[in-house]
Chemist: 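Below you'll find the structure I mean.
Values in this document were obtained by computation on a predicted structure and should not be read as measured data. Note: hydrogens, waters and symmetry copies are ignored here, and every other heavy atom, side chains too, is used.
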Amino acid sequence: MAPRPLARVAVAGLAAVALLGSAACGSGFDDSSEGTAQSSGPASLQILIGSSGDAETKAVQDAAAKWASDSGNTATVTPAQDLTQQLGQGLAGGTPPDVFYVDAAQFADYASVGALEPYGDKISDTGDFYESLRTAFTYDGKLYCAPKDFSTLALEINTDLWTKAGLTDADVPTSWDQLTATAQKIKAKGQVPLALGDTRDRIGAFLVQNGGWLMSEDGKQPTADTPENVAALQYVKDLVTKGLAQYPKQLDAGWSGEAFGRGKAVMTIEGNWIKGALQNDFPNVKYKVVPLPAGPKGQGTLSFTQCWGIAAKSKYKEQAIAFVEAMTSGEQQMAFARAFGVMPSRQSVHDQYVSVFPADKPFIDGVAYAQGPVNAPKMDSVLRDLEAGLQALSTGDPKTILANFDKNAKAALGE
């Protein structure tokens with residue numbers, strides 16, 4: 001199974017979102033949090049996380065225990081077996097955890113039905129969170145929740161295969177034209193130039209690099225069928241049809257990082273999670289990370305992020321906000337970075353992070369020109385249809401794929 005940001009783990013959430021939606025539509029879910037009686041005494045916070053593994057679970061449990069000890073509250077951190085499903089069931093049943101991870105790709109589904117407490121403006125120095133991360137968790141003009149960390153995409157280069165292809169630092173691509181030229185040199189040497197994931201979470205970066213994206217900034221209007229996006233998707237199609245890029249399935253791999261680790265491609269486009277995956281599965285691969293090549297309209301990448309959600313039905317909102325405040329301090333975010341490899345969402349610790357993890361500089365710097373996930377409710381089936389189009393891009397028509405997205409998105413949004 002491909003290591004992925006939790007932004008990609010949405011399929012299991014369809015039933016949960018449906019549960020949530022039906023509850024919001026008259027099965028007992030209260031869109032308003034005003035009727036929830038608040039407890040001013042010591043809180044017993046229930047915290048549900050989607051953990052990447054034992055290191056993350058332990059780090060969050062240790063941080064929660066320290067906060068509880070310092071504040072006189074208790075805090076129980078539970079790693080979910082299936083975060084989206086368990087969260088959806090808890091919200092729909094009226095017994096949600098007090099605090100929980102919310103993925104940017106699903107945030108609008110929860111915010112649109114009143115499941116989340118919009119506490120964002122009660123956290124200290126919200127301007128210190130990167131702007132693109134604040135945007136990801138803003139709905140109807142309100143910052144709902146504090147971004148906890150993030151990932152971005154960059155270009156990974158296998159340095160041994162690079163040298164074998166006769167390439168030097170001068171060949172590192174910084175533009176689409178250079179990417180094409182370098183890929184042609186690699187192909188001429190009998191190697192696969194680029195392993196490219198066949199999803200919107202990889203190919204979407206090319207749309208951003210040409211000044212486009214799938215949705216308007218406020219998440220209200222689909223914007224896929226534009227000349228900028230059509231040209232970007234045509235560029236990707238050309239890479240694939242000319243053999244300059246190949247999808248993981250063409251390389252007999254589950255994801256691009258696996259193909260890259262097995263030496264089946266000289267370059268790949270992945271996020272900072274690839275570091276741990278390569279260390280674990282392909283420790284002998286030598287590689288370097290550089291920013292994604294800029295497109296005609298400039299640099300562009302994608303960001304994947306989660307926030308600390310607080311349930312609108314929690315009776316411990318004040319204490320929950322205090323807990324999130326502690327979890328999102330710069331000091332605590334750096335502790336999490338050291339423990340399990342995430343990038344802090346606060347700009348104030350950027351330099352500290354780069355000094356500790358210098359090889360990750362292209363990833364963390366990418367947040368300045370990153371686009372977050374589609375930020376609109378009821379989009380699961382629309383996005384699945386888009387993925388199917390991208391997977392068949394080599395024989396498909398870019399304009400048709402993008403026009404279908406717009407049509408389906410308008411229907412989902414009730415336009």
Chemist: Between Asn210 (side chain) and Gly212 (backbone), is there a donor-acceptor pair under 3.5 Å?
Modeler: no
Chemist: Report the C-alpha distance between Ser71 and Gln319 in whole Å, list the side-chain angles of each, state the deciding distance to 0.1 Å, and finish with yes or no for side chain to side chain donor-acceptor pair (under 3.5 Å).
Modeler: CA-CA 9 Å; Ser71 65; Gln319 299 94 328; over 6 Å; no
Chemist: Tell me whether the count of non-hydrogen atoms from other residues, nucleotides or ligands lying under 6.0 Å of NZ in Lys142 goes above 12.
Modeler: no
Chemist: More than 12 non-hydrogen atoms from neighbouring residues, nucleotides or ligands closer than 6.0 Å to CG on Asp54, yes or no?
Modeler: no
Chemist: Looking at every heavy atom in both Pro147 and Thr328, which two are closest together, and how far apart are they?
Modeler: O-CG2, 4.0 Å
Chemist: Hey, does the side chain of Gln306 reach the backbone of Phe100 with a donor-acceptor pair shorter than 3.5 angstrom?
Modeler: no
Chemist: With distance as the sole test, does Asn229 use its side chain to make a donor-acceptor pair with the main-chain N or O of Ala224 at under 3.5 Å?
Modeler: yes
Chemist: Would the number of heavy atoms belonging to other residues, nucleotides or ligands and lying under 6.0 Å from NZ of Lys288 be above 12?
Modeler: yes
Chemist: Are Arg346 and Tyr130 in a cation-pi contact, defined as NZ or CZ under 6.0 Å from the six-membered ring centre and within 45° of the axis?
Modeler: no
Chemist: If I take atom OH from residue Tyr235 and atom CD1 from residue Ile203, how far apart are they, to the nearest 0.5 angstrom?
Modeler: 13.0 Å
Chemist: Could you tell me whether the side chain of Leu233 reaches within less than 4.5 Å of the side chain of Leu393, counting heavy atoms only?
Modeler: yes
Chemist: Can a donor-acceptor pair be found, under 3.5 Å and without considering hydrogens, that links the side chain of Ser256 to the backbone of Gly197?
Modeler: yes
Chemist: Please walk me through it: do Leu386 and Leu214 pass side chain to side chain contact (heavy atoms under 4.5 Å, CB included)?
Modeler: CA-CA 10 Å; Leu386 172 64; Leu214 298 167; 3.8 Å; yes
Chemist: Do you know which two heavy atoms are closest between Gly257 and Phe282, and how far apart they sit?
Modeler: O-CE1, 4.4 Å
Chemist: Are side-chain heavy atoms of His350 and Asp365 found at a separation under 4.5 Å?
Modeler: yes
Chemist: Applying side chain to side chain contact (heavy atoms under 4.5 Å, CB included), run through Val113 and Leu91 and close with a yes or a no.
Modeler: CA-CA 10 Å; Val113 295; Leu91 290 166; over 6 Å; no
Chemist: Within this structure, what is the CG-CD1 distance for the pair Asp128 and Ile123, rounded to the nearest 0.5 Å?
Modeler: 12.5 Å
Chemist: Just checking, is any N or O donor in the side chain of Ser345 or Gln333 under 3.5 Å from an acceptor N or O on the other one?
Modeler: yes
Chemist: Checking Ser112 side chain against Asp109 main chain: does a donor-acceptor pair fall under 3.5 Å?
Modeler: yes
Chemist: Are the side chains of Asp281 and Glu258 in contact, using a 4.5 Å heavy-atom criterion?
Modeler: no
Chemist: Would Lys275 count as a cation-pi partner of Phe260, with NZ or CZ less than 6.0 Å from the six-membered ring centre and within 45° of the ring normal?
Modeler: no
Chemist: With Lys399 as reference, evaluate Asn404, Asp225, Thr226 under the side-chain contact (heavy atoms from CB on, under 4.5 Å) test and give the passing residue.
Modeler: Asp225
Chemist: Verify the neighbour count for atom CG of Asp169: are there more than 12 heavy atoms of other residues, nucleotides or ligands below 6.0 Å?
Modeler: no
Chemist: Which atom pair, heavy atoms only, marks the closest approach of Gln391 to Tyr247?
Modeler: O-CE1, 3.6 Å
Chemist: Of all the heavy-atom pairs spanning Ala136 and Ala104, show the shortest one and how long it is.
Modeler: CB-CB, 4.2 Å
Chemist: Looking only at the side chains, is there a donor atom on one of Gln178 and Thr174 sitting less than 3.5 Å from an acceptor on the other?
Modeler: yes
Chemist: Can you tell me how far NZ of Lys148 sits from CD1 of Ile49, rounded to the nearest 0.5 angstrom?
Modeler: 8.0 Å
Chemist: When you measure from the side chain of Arg262 to the backbone N and O of Asp252, does any donor-acceptor pair fall under 3.5 Å?
Modeler: yes
Chemist: Just so I know, are the side chains of Thr223 and Ser216 near enough to count as touching, which here means a heavy-atom distance under 4.5 Å?
Modeler: yes
Chemist: If you take all heavy atoms of Ala376 and Gly219, which pair is closest and at what distance?
Modeler: CB-O, 3.4 Å
Chemist: Compare every heavy atom of Val367 with every heavy atom of Phe150, then report the nearest pair and how far apart it is.
Modeler: CE1-CB, 3.6 Å
Chemist: Without hydrogens or angle criteria, can the side chains of Asp385 and Asn408 be said to hold a donor-acceptor pair below 3.5 Å?
Modeler: yes
Chemist: Going through the checks in order, is the side chain to side chain contact (heavy atoms under 4.5 Å, CB included) test met by Val192 and Gln250?
Modeler: CA-CA 11 Å; Val192 175; Gln250 295 175 274; over 6 Å; no
Chemist: Does some side-chain heavy atom of Ile310 sit less than 4.5 Å from a side-chain heavy atom of Tyr144?
Modeler: no
Chemist: Do Asn73 and Phe323 touch side chain to side chain, with heavy atoms closer than 4.5 Å?
Modeler: no
Chemist: Within the 4.5 Å heavy-atom criterion, are Ile274 and Trp255 side-chain neighbours or not?
Modeler: yes
Chemist: Consider only side-chain N and O atoms of Glu217 and Thr135, and report whether a donor and an acceptor are under 3.5 Å apart.
Modeler: no
Chemist: Can any side-chain N or O of Glu325 pair as donor or acceptor with the backbone N or O of Ser124 at less than 3.5 Å?
Modeler: yes
Chemist: What distance separates Glu117 CD from Asp98 CG, expressed to the nearest 0.5 Å?
Modeler: 11.5 Å
Chemist: Using only atom types and a distance under 3.5 Å, with no angle test, would you say the side chain of Gln61 pairs donor to acceptor with the backbone of Val77?
Modeler: yes
Chemist: For the side chain of Gln209 and the backbone of Gly300, is there at least one donor-acceptor N/O pair under 3.5 Å apart?
Modeler: yes
Chemist: Could you give me the CA-CA distance, side-chain angles and deciding distance for Phe137 and Thr305, then say whether side chain to side chain contact (heavy atoms under 4.5 Å, CB included) is met?
Modeler: CA-CA 9 Å; Phe137 297 113; Thr305 182; 3.5 Å; yes
Chemist: Roughly how far, to the nearest 0.5 Å, is the NZ atom of Lys122 from the CD atom of Glu318?
Modeler: 9.0 Å
Chemist: Under 3.5 Å, is there a donor-acceptor pair between the side chain of Asn375 and the main chain of Asp218?
Modeler: no
Chemist: How long is the straight-line distance from CD1 of Ile157 back to OH of Tyr287, given to the nearest 0.5 Å?
Modeler: 12.5 Å
Chemist: Would you mind reporting whether Met334 and Val356 have side-chain heavy atoms less than 4.5 Å apart?
Modeler: yes
Chemist: For a salt bridge (Lys or Arg N to Asp or Glu O under 4.0 Å) check, start with the C-alpha distance between Asp62 and Lys58, then their side-chain angles and the critical distance, and finish with the verdict.
Modeler: CA-CA 6 Å; Asp62 288 350; Lys58 183 178 187 305; 2.7 Å; yes
